[in-house]
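One structure coming up, written as structure tokens, with questions to follow.
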Amino acid sequence: MAAGTKSGSSKQCWPSDHIIASTYDHVCVLVNYQRLHHSQDNIHKLFKHEINETNSGSVLADTSANITNNTLTQPVNLRANRQHKRAMRPVSAYEPNDHKNKELMNDIINSCKLKNGFGPSVSATNTSPTKRPLSPDHPNPALPITESPSPAMNRMGWALRTLLVADNSSCLKDRKVSGKLIRKCAPGTEFVDWLVNLSPIVHTRAQAAGMWQALLEEGILSHVNKEQPFKDKCFLYRFRVDEDGTAGTPSTEDINAANEQIRESLSALFQRGPDATLRMILRKPSHERTTEELELVFEELLHIAALSHLSTSIKRELSSIIVFESHAQAGTILFSQGDEGRSWYIILKGSVDVVIHGKGTVATLKSGDDFGKLALINDAPRAATIVLKENNCHLLRVDKEHFNRILRDVEANTLRLQEHGKDVLVLERVAKQRGQHSAFKYTVMSGTPAKMLEHLLETRLGNQVGGVDPFLDDFLLTHIVFMPVVQLVDELANYFHCDVSDGSQTPEEREYIMNFKKRVIQFMQKWVMAVRHAAFDEPSVCDFIEDLAAEVEADPELHEETSIIHNILTQMSRYQDDRNQNTGQKWKLPPNGQPICLFSGNMTPSKTVIRPDDDIIFRVYCADHTYCTLRFPLHTTAEIIKACAADKLQLNRGPEDLCLVEIKSNGERSVFKDNDVSIPTGLSLNGRLFVSTKDHLDALTPLPDQEGATEAPEVDVEIFSTKELAYYITIFDWDLFWAVHEYELLYHTFGRHHFGKITANLDVFLRRFNELQYWIVTEIVVTPSISKRVALLRKFIKLAAYCKEYQNLNAFFAVVMGLSNMAVSRLQQTWDKIPSKFRKLYQEFEALIDPSRNHRAYRVFVGKLQPPLIPFMPLLLKDMTFAHEGNKTSLDGLVNFEKMHMMAQTMRTLRFCRSRSLGLEPPSPKSEGDVRPYISCLRVIDNQRVLTAMSQKIEPTRKL
């Protein structure tokens, strides 16, 4: 939150060089820094890099009308008047009678409590909210985070204890500890052993320990001396009811009920385990966190939006000192206006009110928001009071002394290279990490494109020892964002031809020049290896490679590089031959919603890449549903398509009055930009392309056949074996995935119109995900017989299992998400007839696709897999978008290379997944001729309204 200065007098003076600013995501401006007396200029400069200063603002605006709720996706810009550097201050600073303001503040807090629904529980004799101690306390990981367990967790704990007590070989026993009898306790190791043996969904001891920790943090289980969180060790633990002495011996009915309860609750407890483990780590003191635990926290911090503007090194340092704290009661004051600023907070769960003297509640901050950041760099007091609005609020806390120390360390390890008085390259010393070795002392944080290339050639190529630093690969994968190919080739040519002079060179100069020539050749080799055919698609690159080859052949000093350049030439020649062989490739977008396919009619091209100059045949409609058929290269812009369509449809309007728009099956409209490319491949499953005048967009309606199913072979899915379906789906999906180039992720994230490049292969792969998802829903809701629907549900759950076994996680997600679609999940009569083992399997799958904590369950699972595998592509695109929107591309005129590194990490995932070829053993090749056409063109309805109506028809909602 904002901060100001404080004096003992009733009338406060606020110096004009202090800053009051919001700590909403990326909104902070440093004007004056008082505490650290060394490196003032450097720390100021560092914060300009670390904190997004373009969205400066304040929750302490002149009028409360300027205050709105802040969200992660659309942060509010409450801009302070930076030109006049006005010092925003509490109203009390202007009032002569402070006691009036105190009374007003009490009224505000009391009314705030009543508004939030917890007023009646407050005693009439003590209406002040709970005041939190001012000194930052370190939470005890052995204690609960709630005042009382939730009903769901209580039921889970009861069921587990009942089964433990009923087990004759149970680990729960009365034991003597230091001469004192402790009833029904057991070591952590035996708790873990029992749970692992209880259920097949618990695969590892770490998972079991996390589940017990989830019970401990709710107060259902505890260490006998309240000194330890749950550990898979010999520490003794017991249930709270045994500690209270309120539990009796379970009856037969209790045991039967517990067995019934455990089936439903174990998967929920399994999902809670990872989060409970993380919270436990975050409540441990820094020196007790292991290397593995620090890495786990670091991975979590990477996905917190409030930290996205901070460098990787700062996040890694924060992982050792950031603390989790919870507050059970709404109305608790976290800190008051005028208190000393000591900590920065990030809301994980719940919400808080921002209250200011004389203004009342000026903002409500919710999950994902942060506050109190300026307290880490400014000695001024708090400028607002923070009141918890909900029970059980979860926060992350960074204390001031730790954060300032981290900033000092980072600045001390930062090296800035300048030219003409301006920074051109910012380097940071590489921190030593256990188990990793880096040959490079510094890594690049930011710089000008030319200087980064020079640094790369000097330090990452030649005879240097390879290391962990991925700077070269990051540069090769992302340079198109900040250094176009033509500019990069020109720079490389300048380095290679730097010896063009009068010939008067010393031996040392000659050696330096030859080393640079060799490094340029090595760079080209690495470039081709990293981006493959994308390099050969650029004429300037091909010309430069041929020039290099001629120079190498003519220069005997470069004979060692001959094999390198010949290898590059061979790859280029092979690619050009393949491209020439496929010249004139034609694709078509069928009119009735079928997938894009080659014009020859082959629906399953084997690893056929869609190229920018390939033609595609498609229809464009106008408002009266008449249409024309067009054929254009995929790189054709929307402007050209709409002009040609308007001419054929005789609209007789100028291009400036027309627009090209997609009408989806549900009636939604999506207007294309004039410079957009790859238009037909970007349509939704049952979408249609329309050309219209801008003033008649509202008159556009979907075609009648858009609400129905897409055309597909009339085949009963039950005639195919489930494993056979999964096999051919995986083969088909692998070919589509293989065709997607890493660059397409960048084009999709930044906007393909910025590059003039197509994303057709990525579009087709994403379309396939939606096709599989809605195919599942469609097949179920078009089946009127409940017995056949039950059989389909069983088949599709098995299909998800086989897709997971084949590591086709994109299809796995599509199938499970199809089963969880509202039109399917509401079919309670159908689900009730599913055998329990299939329901249990489906619950496991739901736990794996759970999006909480940024798809943590999936990320942990996929992190253990080896290639080949097909990843969940929408999540990779989400990661790219998060890195793009949360970080500036340019900082003070320098390329933010930290952002490039984050994006390259996601792009490398594609490379890793395809680093081995797919070699699956076909289950039953005898019916291949029937299966392949079926899975390549599925029957799909993608209108949710229609699907829900069909679901209601086959299984009407029961009236109570």
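Below, each value reflects all heavy atoms present in this structure, side chains not excepted, and no hydrogens, waters or symmetry copies.
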Problem - Residues which pass salt bridge (charged side-chain N to carboxylate O under 4.0 Å, His left out) with D409, listed by chain and number, not counting sequence neighbours - result: R405
Fill in the blank from the handout: Closest heavy-atom pair, L310 versus K315, reported as atoms and distance to 0.1 Å, is O-CE, 3.2 Å
Problem - Side-chain donor/acceptor of S326 to backbone N/O of I145, under 3.5 Å - result: yes
Problem - Spacing of L348 atom CG and L282 atom CG [to the nearest 0.5 Å] - result: 8.0 Å
Exercise for the section: Give a yes or no answer on whether the side chain of T906 reaches the backbone of D879 with a donor-acceptor pair at less than 3.5 Å. Expected result: no
Practice task
Determine, stepwise, if the pair I321 / I406 fulfils side-chain contact (heavy atoms from CB on, under 4.5 Å).
Solution key: CA-CA 10 Å; I321 56 93; I406 289 172; 3.9 Å; yes
Handout entry: Sequence-distant partners of K226, salt bridge (charged side-chain N to carboxylate O under 4.0 Å, His left out), two or more places apart
Key = E243
Completion exercise
CZ (F371) and CZ (R382) are apart, to the nearest 0.5 Å, by 8.0 Å
Problem - Derivation of the side-chain contact (heavy atoms from CB on, under 4.5 Å) call for I322 and L301 - result: CA-CA 10 Å; I322 198 164; L301 298 185; 4.1 Å; yes
Fill in the blank from the handout: By side-chain hydrogen bond (donor to acceptor under 3.5 Å, both in side chains), E299 pairs with (sequence neighbours left out) none
Exercise for the section: Would you please name every residue forming a side-chain contact (heavy atoms from CB on, under 4.5 Å) with D232, sequence neighbours left out? Expected result: T189, V192, R205
Practice task
Please lay out, stage by stage, how L296 and E292 fare under the test side-chain contact (heavy atoms from CB on, under 4.5 Å).
Solution key: CA-CA 6 Å; L296 182 66; E292 294 75 18; over 6 Å; no
Problem - With sequence neighbours excluded, residues passing ring pair (Phe, Tyr, Trp, His ring centres under 6.0 Å) with H402 - result: none
Practice task
Please tell me if the side chains of V398 and L318 come closer than 4.5 Å, counting only heavy atoms from C-beta onward.
Solution key: yes
Practice task
For the pair R316 and E295, find out whether any cationic side-chain nitrogen is under 4.0 Å from an anionic carboxylate oxygen.
Solution key: yes
Exercise for the section: Please name the pair of heavy atoms, one in G350 and one in C393, separated by the smallest distance, quoted to 0.1 Å. Expected result: CA-SG, 4.0 Å
Exercise for the section: Answer yes or no: is there a donor N or O on one side and an acceptor on the other, between the side chain of R289 and the main chain of S319, under 3.5 Å? Expected result: yes
Exercise for the section: Indicate yes or no for a side-chain donor-acceptor contact from R240 to the backbone of L221 under 3.5 Å, with no hydrogens or angles considered. Expected result: no
Handout entry: Result of checking T332, T385, I347, D369 against V352 for side-chain contact (heavy atoms from CB on, under 4.5 Å)
Key = I347
Practice task
Give a yes or no on whether the backbone of T414 and the side-chain of Y442 come within a donor-acceptor separation of less than 3.5 Å.
Solution key: no
Fill in the blank from the handout: Interatomic distance, CG@L236 vs OG@S222, rounded to 0.5 Å, equals 11.0 Å
Practice task
Please confirm whether the backbone N or O of R272 pairs with a side-chain atom of D275, one donor and one acceptor, at under 3.5 Å?
Solution key: no
Problem - Partners passing side-chain hydrogen bond (donor to acceptor under 3.5 Å, both in side chains) against E147 (at least two apart in sequence or in another chain) - result: Q329
Problem - F235 and H223 aromatic ring geometry - parallel, tilted or perpendicular at 30°/60° bounds - result: perpendicular
Practice task
Starting at OH of Y345, measure out to CZ of R397 and round the result to the nearest 0.5 Å.
Solution key: 6.0 Å
Exercise for the section: Could you tell me whether a side-chain N or O of N896 sits under 3.5 Å from a main-chain N or O of L891, the two making a donor and an acceptor? Expected result: no
Practice task
Go through V444 and L427 one step at a time and tell me if the side-chain contact (heavy atoms from CB on, under 4.5 Å) criterion holds.
Solution key: CA-CA 5 Å; V444 175; L427 307 175; 3.7 Å; yes
Completion exercise
Note: D399 and S343 closest approach over all heavy atoms is OD1-OG, 2.7 Å
Practice task
Scan side-chain atoms only and decide if E428 and T443 contain a donor-acceptor pair under the 3.5 Å cut-off.
Solution key: no
Problem - Listed once per pair and sorted, the ring pair (Phe, Tyr, Trp, His ring centres under 6.0 Å) pairs that draw on residues 378-400, sequence neighbours left out - result: F324-H394
Handout entry: Residues which pass side-chain contact (heavy atoms from CB on, under 4.5 Å) with A152, listed by chain and number, not counting sequence neighbours
Key = S150, R155
Handout entry: Contacts of S890 that satisfy side-chain contact (heavy atoms from CB on, under 4.5 Å) - sequence neighbours left out
Key = none
Problem - N/O donor-acceptor pair under 3.5 Å between R283 side chain and P141 backbone - result: yes
Practice task
Just jot down the side-chain hydrogen bond (donor to acceptor under 3.5 Å, both in side chains) partners of R279, sequence neighbours excluded, or say none.
Solution key: E217
Practice task
Mark yes or no for whether E227, through its side chain, and A142, through its backbone, hold a donor-acceptor pair below 3.5 Å.
Solution key: no
Problem - Short N-O contact, R416 and D423, less than 4.0 angstrom - result: yes
Problem - Smallest separation among heavy atoms of P229 and L216, with atom names - result: C-CD1, 4.0 Å
Problem - Closest non-hydrogen atom pair, A214 against M153 - result: O-CE, 3.3 Å
Problem - R856: partners by side-chain hydrogen bond (donor to acceptor under 3.5 Å, both in side chains), with sequence neighbours left out - result: E300
Practice task
Nearest 0.5 Å please: distance from the CG atom of L415 over to the CG atom of L425.
Solution key: 8.0 Å
Practice task
Look at the aromatic rings of H303 and F882 and report parallel, tilted or perpendicular, splitting at 30° and 60°.
Solution key: tilted
Handout entry: side-chain contact (heavy atoms from CB on, under 4.5 Å) involving T312 - partner list, sequence neighbours excluded
Key = F298, E898
Handout entry: Heavy-atom pair of closest approach, residues Q213 and T277
Key = CG-N, 4.5 Å
Exercise for the section: Say whether, by atom type as modelled, one donor and one acceptor occur between the side chain of K899 and the main chain of N887 under 3.5 angstrom. Expected result: yes
